[in-house]
Participant: 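Take this structure, written in structure tokens, and hold onto it; I'll ask about it next.
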Amino acid sequence: MSEEIVGVAYPVPSNLLDRIFKEGKNVFIKHPTCFKKLKPGHKILFYASHETRAIVGEATIKKIKLMKINEIYKKYGDRVFITKEEAREYTKPLAERKGKGGKIRDIEFVVMVLENPIKYEKPYKPRRFITAGGKYVTKKEYEEIRKK
């Protein structure tokens, strides 16, 4: 029997995390990789992917859905933690791989509206590197992270 999933850990470049923790940006977007088991109330853990290489904080997922880039910025505007230009740049390689004139505007993102962001006092170094796709977090893993 598999363990209960309570959230996900995603890598985020360290320089972008202050937008969530200090600037109040509460809409997180990501290419749809590790998300199908997520639901409102689950946690998103932020893995600072550059120099720190540790989980540095979390937030609670309030809403989650798939949306295209133009819809995201039309609905959420500057609440999104990356700018529309940064999202386009991030998406270019994926649009090119899709071929047949894959357009960035046609790429869907997982959109998570967040609440209660918490920056940890002490970063948590996971046993393994968190890949770009992210990693589901079980109840047991989450309890271990919060203990430390």
Participant: Group every Ile, Leu, Val, Met, Phe, Trp and Tyr by side-chain heavy-atom contacts under 4.5 Å, then state whether Phe46 and Val6 land in the same group.
Facilitator: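 Different hydrophobic clusters.
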Participant: So Tyr76 and Met67, side chain to side chain contact (heavy atoms under 4.5 Å, CB included) or not? Walk me through it.
Facilitator: CA-CA 11 Å; Tyr76 296 110; Met67 295 175 77; 3.9 Å; yes
Participant: Ignoring hydrogens and geometry, is there a side-chain-to-backbone donor-acceptor pair from Glu141 to Thr138 under 3.5 Å?
Facilitator: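 Yes; at least one donor-acceptor contact below 3.5 Å.
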Participant: Do NZ/NE/NH1/NH2 and the carboxylate oxygens of Lys65 and Glu71 come within less than 4.0 Å?
Facilitator: no
Participant: How long is the gap from NZ on Lys119 to NZ on Lys22, to the nearest 0.5 Å?
Facilitator: 5.5 Å
Participant: Determine whether Tyr73 and Asp78 satisfy the following criterion, side chain to side chain contact (heavy atoms under 4.5 Å, CB included), listing intermediate values before the conclusion.
Facilitator: CA-CA 7 Å; Tyr73 289 92; Asp78 64 0; over 6 Å; no
Participant: Side chains of Val8 and Leu45: does their closest heavy-atom pair fall under 4.5 Å?
Facilitator: no
Participant: Begin with the C-alpha distance, continue with both residues' side-chain angles, and end with the deciding distance and a verdict on side chain to side chain contact (heavy atoms under 4.5 Å, CB included) for Val110 and His31.
Facilitator: CA-CA 6 Å; Val110 173; His31 289 300; over 6 Å; no
Participant: Check for me whether Lys37 meets the cation-pi criterion with Tyr136, that is, NZ or CZ under 6.0 Å from the six-membered ring centre and within 45 degrees of the ring axis.
Facilitator: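 Yes - Lys37 lies over the ring of Tyr136, closer than 6.0 Å to its centre and within 45° of its axis.
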Participant: Does atom CD (Glu23) have a neighbourhood of more than 12 heavy atoms from anything else shown, all under 6.0 Å?
Facilitator: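 For Glu23, atom CD is crowded (more than 12 foreign heavy atoms under 6.0 Å).
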Participant: Starting at CZ of Phe109, measure out to CD1 of Ile29 and round the result to the nearest 0.5 Å.
Facilitator: 4.5 Å
Participant: At what distance, to the nearest 0.5 angstrom, does NZ of Lys25 lie from CG of Leu114?
Facilitator: 13.0 Å
Participant: So Asn70 and Lys68, do their side chains get closer than 4.5 Å, heavy atoms only?
Facilitator: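 The answer is no; the side chains never approach within 4.5 Å.
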Participant: Could you walk me through whether Ile64 and Val111 pass the side chain to side chain contact (heavy atoms under 4.5 Å, CB included) check?
Facilitator: CA-CA 6 Å; Ile64 184 168; Val111 179; over 6 Å; no
Participant: At what distance, to the nearest 0.5 angstrom, does CD1 of Ile118 lie from CD1 of Ile20?
Facilitator: 13.0 Å
Participant: Looking only at the side chains, is there a donor atom on one of Asn116 and Lys62 sitting less than 3.5 Å from an acceptor on the other?
Facilitator: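 No donor-acceptor contact under 3.5 Å links the two side chains.
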Participant: Taking all non-hydrogen atoms of both residues into account, name the closest pair between Pro126 and Tyr124 and its distance.
Facilitator: CD-O, 3.2 Å
Participant: Between Ile61 and Lys39, is any pair of side-chain heavy atoms under 4.5 Å apart?
Facilitator: no
Participant: Looking at side-chain heavy atoms only, is the closest gap between Val113 and Phe28 below 4.5 Å?
Facilitator: no
Participant: With hydrophobic residues grouped by side-chain heavy-atom distances under 4.5 Å, do Ile82 and Val56 end up in a single group?
Facilitator: yes
Participant: Looking at CD1 of Ile145 and NZ of Lys125, how far apart are the two atoms once the value is rounded to the nearest 0.5 Å?
Facilitator: 13.5 Å
Participant: Among residues at least two apart in sequence or on other chains, which ones pass salt bridge (Lys or Arg N to Asp or Glu O under 4.0 Å) with Lys43?
Facilitator: Glu58
Participant: In residues 9-19, what donor-acceptor pairs under 3.5 Å come from side-chain atoms, sequence neighbours left out?
Facilitator:
residue	atom	partner	partner atom	Å
Tyr10	OH	Cys34	O	2.4
Ser14	OG	Glu51	OE2	3.3
Arg19	NH1	Phe81	O	3.1
Arg19	NH1	Glu86	OE1	2.7
Arg19	NH1	Glu86	OE2	3.4
Arg19	NH2	Glu86	OE2	3.0

Participant: How long is the span from the OH atom in Tyr47 to the OG1 atom in Thr52, to the nearest 0.5 Å?
Facilitator: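 Between Tyr47 OH and Thr52 OG1, I get 9.0 Å after rounding to 0.5 Å.
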Participant: So, for Gly57 and Phe21, which heavy atoms are closest and what is the spacing to 0.1 Å?
Facilitator: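 Closest heavy-atom pair between Gly57 and Phe21: CA-CZ, 3.7 Å.
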Participant: Are Lys63 and Glu115 ion-paired here, with the side-chain N under 4.0 Å from a carboxylate O?
Facilitator: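 Between Glu115 and Lys63 there is no salt bridge, as every charged N stays at least 4.0 Å from the carboxylate O atoms.
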Participant: Side chain to side chain contact (heavy atoms under 4.5 Å, CB included) with Glu108: which of Ile72, Ile69, Leu66?
Facilitator: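 By the side chain to side chain contact (heavy atoms under 4.5 Å, CB included) criterion, Glu108 pairs with just one of Ile72, Ile69, Leu66: Leu66.
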